[in-house]
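Working notes, structure below.
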Amino acid sequence: MEKWILIDGNSIAFRAFYALPLLTNASGLHTNAVFGFTTMLLKLLEEEQPTHMLVAFDAGKITFRHEGYSEYKGGRQKTPSELSEQFPLIKELLQAFGISQFELSGYEADDIIGTLTRMADEQGAEVLVVSGDKDMLQLASDQVTVAITRKGVGDVDRYSPALIHERYGLAPLQIIDLKGLMGDTSDNIPGIPGVGEKTALKLLHEYGSVEGVLEHVADLKGKMKEKVEQHKDDAIMSKKLATIFREVPLDRGTSEMAYGGYDRPTLAGALRKLEFKSLLERLDLTGEGTGSTVAAAELNVVSVAAHDEDALSALAAGLRSVESVYVEVIGENPHQSETIAVALATADVIFVVPMAELQASALGFVREWLADADMEKAGFDLHRTELSLAWHGIALKGISFDIQLAAYLLDPTDSTQSISGLCGKYGLPTVQADESVYGKGAKFKLPEAGVLHGHIASKTDAVRSIAAIQREELEKTGMHKLYYDLEQPLSRVLAGMELQGIRCDASVIEQLGAELESRISDIMTKVYTLAGMEFNINSPRQLGEVLFEKLGLPVIKKTKTGYSTDADVLEKLEPYHEIIPSILLFRQLAKLQSTYVEGLLKEIRPNTGKIHTYYRQTIAATGRLSSQYPNLQNIPIRLEEGRQIRKAFVPSEPGWFMLAADYSQIELRVLAHISGDEGLKEAFVQDLDIHTKTASDVFGVRPEDVDANMRRQAKAVNFGIVYGISDFGLSNNLNITRKEAAQFIEQYFAAFQGVRRYMDNIVAQARTDGYVTTLLERRRYLPEIKASNFNIRSFAERTAMNTPIQGTAADIIKLAMVRMDEQLRARGLRSRMLLQVHDELVFEVPADELELMKELVPQVMESAIKLDVPLKADVSFGDNWYEAK
DNA sequence: AGTGTCACG
DNA sequence: ACGTACGTGACACTC
């Protein structure tokens with residue numbers, strides 16, 4: 001027998017949208033309703049095994065129901081844009097599933113479904129109607145079951161006529177009468193005022209229908225009688241509106257709804273586009289490409305072996321016209337990675353040279369080509385590649401284009417950075433994802449050479465296609481200068497710093513570790529005594545139990561899993577129990593011990609005593625760098641105990657010095673420049689203490705009358721301004737009321753009206769353009785600036801205010817780094833740039849260059865770019881990083 | 001793998 | 001009414 005599934009597309013999309021948190025894919029599209037829709041479809045397909053399937057949609061705003069009642073569905077909230085933008089995606093998805101869909105102007109989805117259920121009754125098919133709307137219950141019959149979603153979309157109640165009778169004591173068609181009496185606020189159907197579900201059911205059990213009730217109006221009493229008499233016409237009209245129309249002129253046969261299953265590559269493509277990775281995996285579609293295997297098979301791949309003279313001569317000839325380079329690097333940390341093979345794409349051949357072959361003397365000409373700065377190379381993640389090859393004794397120079405770096409500039413918030421992901425993003429034939437070829441985690445395994453080389457070749461091939469698209473995009477978006485003159489040159493500077501490494505004296509750290517160990521052990525004993533029991537202080541859960549259950553301290557804040565025990569909470573608990581300071585101290589020392597003593601010791605290379613961090617150039621949405629393995633951008637400084645760690649960072653040559661230079665107030669100077677605020681600019685021109693100046697303006701006192709507390713509060717306001725201020729955030733930070741915070745902000749904006757204008761303008765601009773930019777035209781897209789959800793929108797607004805400031809500061813120090821590197825080379829200096837910490841550069845300097853570098857470094861930093869206010873860099877030096885303060 | 005916490009700018 | 005300050009990475013714990 002035929003089994004039909006008929007889905008009310010609009011209703012299910014609505015339910016899914018409100019049931020799931022807002023998901024966004026890399027391009028900023030919302031996908032939560034699509035996701036919910038998809039999971040529901042999969043569940044239905046699996047559980048029901050339908051022979052026919054159709055999703056009906058409402059079409060147009062005006063239906064025949066408006067003819068008799070123009071207010072139908074009036075007063076309804078507009079569909080949020082986050083949902084409406086998902087309907088095209090749902091329709092595409094249905095196509096990929098091979099599920100038919102239907103809409104007809106002037107009719108709603110339930111009318112289409114109603115018409116089809118009538119036909120099913122006539123044809124003897126079994127039907128499951130799926131909707132979130134209980135009106136649909138009127139369609140239930142012996143053959144038609146109506147599934148209504150319950151709590152989201154995963155779960156449904158299946159209504160047969162028997163169940164409807166059990167729940168409501170009504171026949172399916174009486175559902176119409178029910179609604180005629182009680183109305184429906186969401187559709188603006190009036191019904192009879194004062195009649196809810198309970199009263200309506202009582203009336204229907206007594207009189208059977210709306211007409212029955214109206215006939216027996218004389219039997220009613222009091223207010224009820226009055227209401228029914230008064231709203232007789234409303235009830236009749238409401239019933240009419242609630243009646244599903246079952247005679248829609250469908251212009252197609254039911255055979256077109258036949259469901260024959262989905263095409264795996266097509267569905268895989270659609271799910272990949274939506275970034276539904278979990279579903280791809282669940283359906284085992286991860287390896288299913290849209291022609292990737294075909295693409296790989298069509299490529300002319302030559303695996304080069306040192307003894308294969310034909311291949312070698314072809315490769316030698318090919319080196320003159322290499323279009324892209326790809327090196328397969330395995331491992332997260334490029335300083336401790338494995339390079340598998342180097343691949344080069346020429347117009348007609350892709351050469352894959354396994355690492356062992358590349359090391360052979362016969363391949364010396366390839367190594368020379370790689371090291372030749374005049375041979376330009378376009379590739380993927382060449383910063384990582386340069387490091388990995390360097391550790392294997394092979395130099396890589398002449399990097400001219402990197403598709404990962406370009407992708408980052410084109411959209412820094414897009415997390416797809418793999419070649420396979422970029423193919424999908426730019427609409428190119430997909431290559432297989434690494435994960436599907438290699439597996440992941442413990443299952444990671446390289447396949448046999450044929451498959452491996454084919455995969456590497458397909459990626460090398462893709463690189464050139466992606467590069468061609470991106471070069472154009474960089475021009476179009478005005479980011480070509482930023483790319484070619486700044487980011488690409490910087491990549492090489494970073495690699496130099498990373499390979500150089502920074503010397504770290506293990507004995508200093510070990511000494512510190514020993515002291516910490518004994519202090520931690522003492523403090524643990526004290527905490528256990530005060531708590532009256534032993535427990536794991538490092539476990540937020542156990543600590544929460546001890547503090548809030550055993551000791552009965554007041555709960556200040558909760559996390560989604562339990563009690564919050566962060567430093568903010570603990571500070572508020574200090575007056576209640578003497579255990580609190582000990583816990584705070586334990587936390588502080590434990591952090592130092594685990595992250596900075598044990599963590600850093602693990603990163604010191606035993607043979608050189610150096611630490612090599614890896615700067616990530618494609619992570620931070622604002623344009624900043626980040627640092628990994630280890631992170632050298634968060635070495636303690638604020639508290640003296642932690643600051644001691646810096647004593648371990650020393651010059652790598654005897655008699656040299658550490659020299660550090662940091663920008664003074666770079667973000668506020670940038671703000672002064674881009675906002676054009678006269679007062680702020682003047683403050684920097686005069687090189688005033690900016691927090692004192694702010695306090696004096698905000699509190700309306702003379703600068704010499706600003707006390708420490710006023711300055712502290714002004715400093716917090718300045719931070720807030722840079723972060724995209726809100727009264728809530730400031731009040732939290734200063735522990736004052738929101739009202740007071742709002743007052744501070746208002747006073748600030750009154751004093752710095754140019755800043756207020758900037759903040760207003762940048763948000764408006766983000767709304768118009770969909771993105772904000774830095775001084776060097778770096779972009780960040782902010783699709784959420786148009787969100788209807790207050791929180792999401794507010795977050796985007798703060799980001800719009802902050803990103804041009806933080807991002808311009810990042811642009812500036814990057815410029816300084818490239819210039820500094822040029823200067824060191826041009827002047828033939830031995831001094832080396834080692835670290836960047838957002839507004840600070842750290843060098844190691846021979847004694848005889850110290851005086852020069854003390855002048856040169858700040859000079860280069862201050863002249864990196866010309867702003868309307870001066871830039872200022874402070875320089876210091878010493879025997880270690882601690883002393884260079 | 002996700003959460004909480006905390007180090008830095 | 002809504003309920004967060006911006007940007008990162010590493011560690012320990014928990015499931």
Side-chain angles (χ1 to χ4, degrees), chain A residues 278 332 412-413 440-441 535-544 557-570 583-584 586-600 602-603 613-616 619-639 641-643 645-646 662-663 665-667 671 716-734 738 741 745 772 780 787-807 809-810 813 835-841:
Chain A
S278 60
E332 287 284 301
T413 51
K440 67 165 177 177
F535 65 102
N536 185 347
I537 313 172
N538 269 324
S539 160
R541 210 179 90 181
Q542 293 183 37
L543 179 61
K557 193 164 67 169
K558 288 207 147 199
T559 68
K560 65 172 105 174
T561 49
Y563 310 109
S564 172
T565 65
D566 66 23
D568 225 44
V569 168
L570 294 181
I583 292 170
L584 282 165
F586 173 87
R587 281 252 178 97
Q588 189 201 329
L589 302 182
K591 176 86 177 177
L592 288 176
Q593 186 73 296
S594 67
T595 303
Y596 297 102
V597 170
E598 290 159 14
L600 282 181
K602 275 185 235 160
E603 298 289 346
T613 188
Y614 171 44
Y615 287 107
R616 305 279 326 249
I619 299 292
T622 52
R624 276 189 174 184
L625 299 175
S626 79
S627 157
Q628 291 180 321
Y629 319 125
N631 182 354
L632 291 185
Q633 289 181 321
N634 70 347
I635 302 302
I637 186 165
R638 292 172 190 167
L639 300 172
E641 281 142 315
R643 195 171 190 160
I645 292 281
R646 294 181 171 228
D662 67 305
Y663 280 113
Q665 302 297 348
I666 188 166
E667 292 188 333
L671 175 63
V717 172
N718 277 329
F719 268 99
I721 292 292
V722 169
Y723 292 156
I725 197 139
S726 73
D727 50 12
F728 190 90
L730 184 65
S731 73
N732 241 346
N733 191 279
L734 283 177
R738 249 173 66 182
I745 294 168
V772 292
R780 178 172 182 179
S788 57
N789 179 299
F790 174 87
N791 281 325
I792 294 172
R793 190 178 62 246
S794 303
F795 187 74
E797 288 168 357
R798 291 195 300 276
T799 311
M801 300 184 230
N802 169 264
T803 295
I805 302 172
Q806 195 183 116
I813 195 165
L835 300 177
Q836 187 252 41
V837 194
H838 308 306
D839 66 353
E840 174 186 15
L841 296 175

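Proteins get letters first, then strands, A, B, ... in listed order; numbering begins at 1 in each.
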> For every nucleotide of nucleotides 3-9 of chain B, 5' to 3': is a protein heavy atom under 4.0 Å from its base (B), only from its sugar-phosphate (S), or from neither (-)?
Replying inline: SSSBBBB
> Just the dot-bracket of DNA chain C, please: which string comes out with Watson-Crick or G-U pairs under 3.5 Å, [ ] for crossing, | for another strand?
Replying inline: .....|||||||||.
> By side chain to side chain donor-acceptor pair (under 3.5 Å), which residues pair with A:T561, not counting sequence neighbours?
Replying inline: A:T559
> Quick one: salt bridge (Lys or Arg N to Asp or Glu O under 4.0 Å) partners of A:E641, sequence neighbours excluded?
Replying inline: A:R519
>> Within the 4.0 Å heavy-atom criterion, would you say A:F795 contacts the bases, only the backbone, or no part of the nucleic acid?
In response: sugar-phosphate
> Around atom CZ of A:F535, are there more than 12 heavy atoms of other residues, nucleotides or ligands at under 6.0 Å?
Replying inline: yes
> If the P atom of C:dT4 is compared with that of B:dT3, how far apart are they to the nearest Å?
Replying inline: 15 Å
>> Categorize A:N789 for me: base, sugar-phosphate, or nothing, with a 4.0 angstrom heavy-atom threshold over every strand shown.
In response: nothing
> With a non-hydrogen cut-off below 4.0 angstrom, is A:A621 in contact with a base, only sugar-phosphate, or nothing?
Replying inline: sugar-phosphate
> Can you list every pair that meets side-chain hydrogen bond (donor to acceptor under 3.5 Å, both in side chains) and has a residue in residues 723-733 of chain A, with sequence neighbours left out?
Replying inline: none
> Quick one: side chain to side chain donor-acceptor pair (under 3.5 Å) partners of A:Y615, sequence neighbours excluded?
Replying inline: none
>> The criterion is side chain to side chain donor-acceptor pair (under 3.5 Å); which residues satisfy it with A:K557, sequence neighbours excluded?
In response: A:D566
>> Quick check for you: name the first and last nucleotides of DNA chain C, 5' to 3', having an atom under 4.0 Å from a heavy atom of chain A.
In response: C:dC2 to C:dC15
> Starting at the 5' end of DNA chain C and moving along, which residue's nearest nucleotide shows up first, A:T803 or A:R738?
Replying inline: A:R738
> ring-ring contact (aromatic ring centres under 6.0 Å, His included) with A:Y629: which residues, sequence neighbours excluded?
Replying inline: none
> Among all residues two or more places apart in sequence or in another chain, which pass the salt bridge (Lys or Arg N to Asp or Glu O under 4.0 Å) test with A:E667?
Replying inline: A:R624
> What pairs with A:S788 under side chain to side chain donor-acceptor pair (under 3.5 Å), at least two apart in sequence or on another chain?
Replying inline: A:E82
>> Students often get this wrong, so: under 4.0 angstrom with heavy atoms, is A:A716 touching a base, only sugar-phosphate, or nothing?
In response: base
> Excluding sequence neighbours, so at least two apart, what forms ring-ring contact (aromatic ring centres under 6.0 Å, His included) with A:Y563?
Replying inline: A:F548
